[in-house]
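The structure under discussion appears below in the form of C-alpha cells.
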2 protein chains.
Amino acid sequence: MTGGSLDFPRPLTTVDVVIFTVKDDALHVLLVQRPAAGDEPFPGAWALPGGFVDIEKDKDLEACAMRKLKDKTGVVSPYLEQLGSWGSAGRDPRGWSATHAYFALLPATTGAGTHAADAQWFPIVAGKVKPRLAFDHGEILEAAVLRLRSKVEYTSLPAYLMPGEFTLPDLQRAYEIVLDRPLEKSAFRTRILAADLIEPVARMRKGPNRPAQLYRLKKAKAPVYFVRTFNPPG
Amino acid sequence: MTGGSLDFPRPLTTVDVVIFTVKDDALHVLLVQRPAAGDEPFPGAWALPGGFVDIEKDKDLEACAMRKLKDKTGVVSPYLEQLGSWGSAGRDPRGWSATHAYFALLPATTGAGTHAADAQWFPIVAGKVKPRLAFDHGEILEAAVLRLRSKVEYTSLPAYLMPGEFTLPDLQRAYEIVLDRPLEKSAFRTRILAADLIEPVARMRKGPNRPAQLYRLKKAKAPVYFVRTFNPPG
DNA sequence: TGAATAGTGTCTTTCAGACAGTATTGG
DNA sequence: CCAATACTGTCTGAAAGACACTATTCA
C-alpha cells in the first residue's frame with residue numbers, strides 16, 4: 001500500500017447478492033430487472049440484486065449486502081455468506097469495477113419476491129437460469145450454485161431453507177433438490193439427528209398417510225459440518 | 001444497480017495477498033514493512049503485501065494479486081486462491097476502503113523473501129504472528145490460517161508447499177505443521193497414494209537411516225478433495 | 001549391533017449404502 | 001384390506017485409527 005497520493009482513478013465498487021430458496025421442487029434464485037430506459041447498461045436485462053456501495057449508508061460490505069437483501073425481500077436475518085469478488089476492466093461498460101458477491105438462503109415461506117415489484121424468482125436448471133444475465137452475473141450465479149452444492153454435501157445449510165417447523169422428509173427433499181440426486185433415507189436421518197441441529201416440537205404433520213414428526217432448528221444454531229460428504233457421485 | 005450518475009464518492013480498492021510457506025518446522029507468512037516516513041498510515045508497521053488496484057496495469061483482481069506476489073517473491077505461478085474481501089468505513093484512515101484478499105502457497109525452496117528488501121518471513125504461532133499488523137491485516141491473516149487449516153483437512157493443498165521432489169514423510173510433516181497435530185502414518189500414506197496425486201521418481205532420499213522414496217507432483221495437478229477429513233480433533 | 005527412520009500388515013471402529021421390514025395414517 | 005409415506009433395523013463395505021511389525025541405512 002505504498003504510494004503517497006490518493007489522486008488516481010478508483011474502480012467502481014458494488015455488492016451483489018445471490019438469493020436462493022427452494023420451492024415447487026426446484027432451487028430458485030431471485031433476480032431483478034434492470035431499467036429499460038435511461039443510460040444504464042444492460043437495459044431490461046435480468047440481474048442479481050445489488051448495486052453500488054453507499055459510503056454514507058453502509059458501514060461495511062456485509063451491511064451493504066443486508067441492505068440490498070432487505071430492499072428486495074423484506075427479510076432481515078437470513079443465512080448470508082460471502083461468496084467471492086469479481087473485478088476486471090471489462091465487466092461493467094462504465095469502467096473498471098469490482099463486485100463483492102454474497103449468497104443468501106431463505107425459507108420459501110417468507111413472502112419474498114412479492115416484496116419488490118421488479119424482483120422475480122427463477123428456477124435453476126442445470127446450474128443456470130434461463131435468461132442471459134447482465135454483467136458477469138451468469139458467472140457469479142454459477143459459482144454460487146457450485147458453492148452451495150459443494151457445501152450442502154457436508155453441512156447443514158439446507159436447514160436455512162426450511163420454514164419454522166418442518167419434518168425430516170421435508171429437509172431431505174431440500175437436500176435432494178439442491179444436490180439433484182436422491183439420498184438414502186436412513187443414513188440421512190442418522191446423520192441429521194446425530195448433528196444435534198434440530199429438536200422435535202410437540203406436533204405432527206398430518207397427511208393422507210402416516211404423520212411425520214415436526215422439528216425446528218435449535219436456537220441460534222450455526223451450520224454443522226459433517227466429517228464425510230454424502231455418497232459422492234461417482 | 002440503479003441510479004444513473006456515477007458522480008458519487010468511490011471506496012478505495014486494494015488487493016492483499018497472504019503468502020504462506022512451511023520452513024524450519026513452522027508455517028510462515030511473508031510480511032512487508034510499511035514506510036516510516038511520508039503521510040502513509042501505519043508507518044513502520046508490518047502488513048500483508050498488497051496495495052491499490054492499478055486500473056491501467058491490472059486487467060482483473062487475480063492479475064493484480066499475481067503482480068503483487070511477483071513483486072515481493074519473484075514467483076510467477078504459485079497456488080493462488082481467493083480468500084474473501086474486507087471493506088468498511090474505518091479499516092483505512094484514508095477513507096472507506098475494500099480489499100480483495102488472496103492466499104498463496106509457496107515451496108520454501110524458492111528464494112522468496114530475499115527477493116524484496118522490505119519483505120520478511122514470520123512464523124505463525126497459535127494462528128497469529130508476533131507483530132501487530134497494519135489495517136485489519138491481523139484479522140485477514142487469521143481468516144487465511146483458518147481457511148488453510150480447514151482445507152488441509154480434506155485436500156492435497158500441502159503438496160503446493162513442497163519442492164519439486166519430496167518424500168511421503170516430508171509431505172506428512174507439512175500436513176502436521178499446518179494442522180498442528182500428528183497424523184497417523186499408514187492412513188496418511190494410503191490416502192495420498194490412492195489420490196493419484198504424486199508419482200515416484202527414480203531416486204531415493206539418503207540419510208543416516210533407511211532411504212525414502214522421492215516423489216513429484218503429477219503434471220498440472222489440481223488439488224484433490226478427499227471425501228473425509230483427517231481424524232477430526234475432538 | 002543399535003539407533004533412526006521408512007514402510008507394511010492387521011485388527012478394530014465408524015459410518016454410509018443397500019434394502020428389507022415395521023408403523024400409522026386415510027380411503 | 002390397500003396405498004402411501006414415516007420410520008427402524010440389519011448386513012455389508014470402505015476407509016480411518018491404533019499399533020505392532022518388518023526393512024534399510026549409517027555409525
Side-chain angles (χ1 to χ4, degrees), chain A residues 25 150 152-156 158 162 165-177 179 181-216 224-234, chain B residues 25 150 152-156 158 162 165-177 179 181-216 224-234:
Chain A
D25 272 312
S150 80
V152 166
E153 292 282 356
Y154 60 92
T155 68
S156 62
M162 307 308 292
E165 297 188 353
F166 55 90
T167 69
L168 277 175
D170 289 344
L171 182 58
Q172 183 172 350
R173 231 158 275 138
Y175 271 86
E176 291 173 337
I177 288 166
L179 294 178
R181 71 170 193 271
L183 295 180
E184 216 287 319
K185 187 167 43 169
S186 74
F188 180 83
R189 300 176 69 92
T190 309
R191 186 151 154 163
I192 298 296
L193 292 174
D196 190 40
L197 174 75
I198 59 178
E199 57 193 1
V201 299
R203 291 203 310 125
M204 307 289 278
R205 155 135 340 139
K206 304 272 195 155
N209 41 35
R210 177 170 171 178
Q213 177 65 53
L214 281 164
Y215 293 85
R216 67 169 168 233
V224 171
Y225 288 71
F226 307 115
V227 298
R228 298 194 198 176
T229 63
F230 283 106
N231 174 26
Chain B
D25 273 309
S150 80
V152 165
E153 292 283 356
Y154 61 92
T155 69
S156 63
M162 307 310 290
E165 297 188 353
F166 55 90
T167 69
L168 276 175
D170 288 345
L171 182 58
Q172 183 173 350
R173 231 158 276 137
Y175 271 86
E176 292 174 338
I177 287 166
L179 294 177
R181 71 171 192 272
L183 297 179
E184 216 287 318
K185 189 168 42 166
S186 74
F188 180 82
R189 299 175 69 94
T190 309
R191 186 150 154 162
I192 298 295
L193 291 174
D196 190 41
L197 173 75
I198 58 178
E199 56 193 2
V201 299
R203 291 204 310 124
M204 308 288 278
R205 155 136 337 139
K206 304 274 192 151
N209 42 39
R210 176 170 173 177
Q213 177 66 53
L214 281 164
Y215 293 85
R216 66 169 171 234
V224 170
Y225 288 71
F226 306 115
V227 298
R228 299 195 198 174
T229 64
F230 284 104
N231 173 28

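Throughout, a chain's letter reflects where its sequence line sits, starting with A, and its residues are numbered from 1.
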Once salt bridge (charged side-chain N to carboxylate O under 4.0 Å, His left out) is applied, do any residues pair with [X], and if so which ones, sequence neighbours excluded?
X      : result
B:R203 : B:E165
B:E184 : none
B:R228 : none
A:D25  : none

Exercise. Near DNA chain D, which residues from residues 193-202 of chain B have a heavy atom under 4.0 Å away?
Worked result: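 Of all residues in residues 193-202 of chain B, none places a heavy atom under 4.0 Å from DNA chain D.
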Kindly write out the residues that satisfy side-chain hydrogen bond (donor to acceptor under 3.5 Å, both in side chains) with [X], not counting sequence neighbours, or none if the list is empty.
X      : result
A:E199 : A:R216
B:S156 : none
B:R189 : none
B:R210 : none

Problem set entry | Those residues that, when tested against A:T155, pass side chain to side chain contact (heavy atoms under 4.5 Å, CB included) (two or more places apart) |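 With neighbours one apart ignored, the set is A:K151, A:L157, A:Y225.
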How many Å lie between [atom1] on [X] and [atom2] on [N], as a whole number?
X      : N      : atom1 : atom2 : value
A:L183 : C:dA18 : CG    : P     : 11 Å
A:M204 : D:dT5  : CE    : P     : 16 Å
A:R205 : C:dG26 : CZ    : C1'   : 17 Å
B:F188 : C:dT8  : CZ    : P     : 14 Å
B:Q213 : C:dG7  : CD    : P     : 7 Å
B:R181 : D:dA18 : CZ    : P     : 11 Å
B:R189 : D:dG17 : CZ    : P     : 16 Å
A:R191 : D:dT8  : CZ    : P     : 18 Å

Exercise. Between A:A187 and B:Y215, who's closer to the 5' end of DNA chain C by nearest nucleotide?
Worked result: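 It is B:Y215, whose closest nucleotide lies nearer the 5' terminus.
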Exercise. Toward the 5' end of DNA chain C, which comes first, B:T167 or A:F226, by nearest nucleotide?
Worked result: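 So the residue in question is B:T167.
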For this session: Just say parallel, tilted or perpendicular for the rings of B:Y154 and A:Y154, cut-offs at 30° and 60°.
Result: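 It falls in the tilted class, 30° to 60°.
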Distances under 3.5 Å between protein N/O atoms and the N/O atoms of nucleotides 11-14 of chain D, please, pair by pair.
none

For this session: Would you mind classifying the nucleic acid contact of B:P208 as base, sugar-phosphate or nothing, using non-hydrogen atoms under 4.0 angstrom?
Result: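 Here B:P208 touches the bases of the nucleic acid.
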Problem set entry | Touch class at under 4.0 angstrom, heavy-atom based, for B:R173 against every strand present |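 Sugar-phosphate contact only.
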Exercise. Side-chain contact, heavy-atom cut-off 4.5 Å: A:V224 with A:D196?
Worked result: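 They are not in side-chain contact.
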Exercise. Heavy atoms, side chains only, cut-off 4.5 Å: are A:E176 and A:R181 in contact?
Worked result: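 In short, these two side chains do not touch, never coming nearer than 4.5 Å.
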Is there any protein nitrogen or oxygen under 3.5 Å from a nitrogen or oxygen in nucleotides 20-24 of chain C, and what are the pairs?
unit_1	atom_1	unit_2	atom_2	d
C:dA23	O4'	A:R210	NH1	3.3
C:dA23	N3	A:R210	NH1	2.9
C:dT24	O2	A:R210	N	3.4

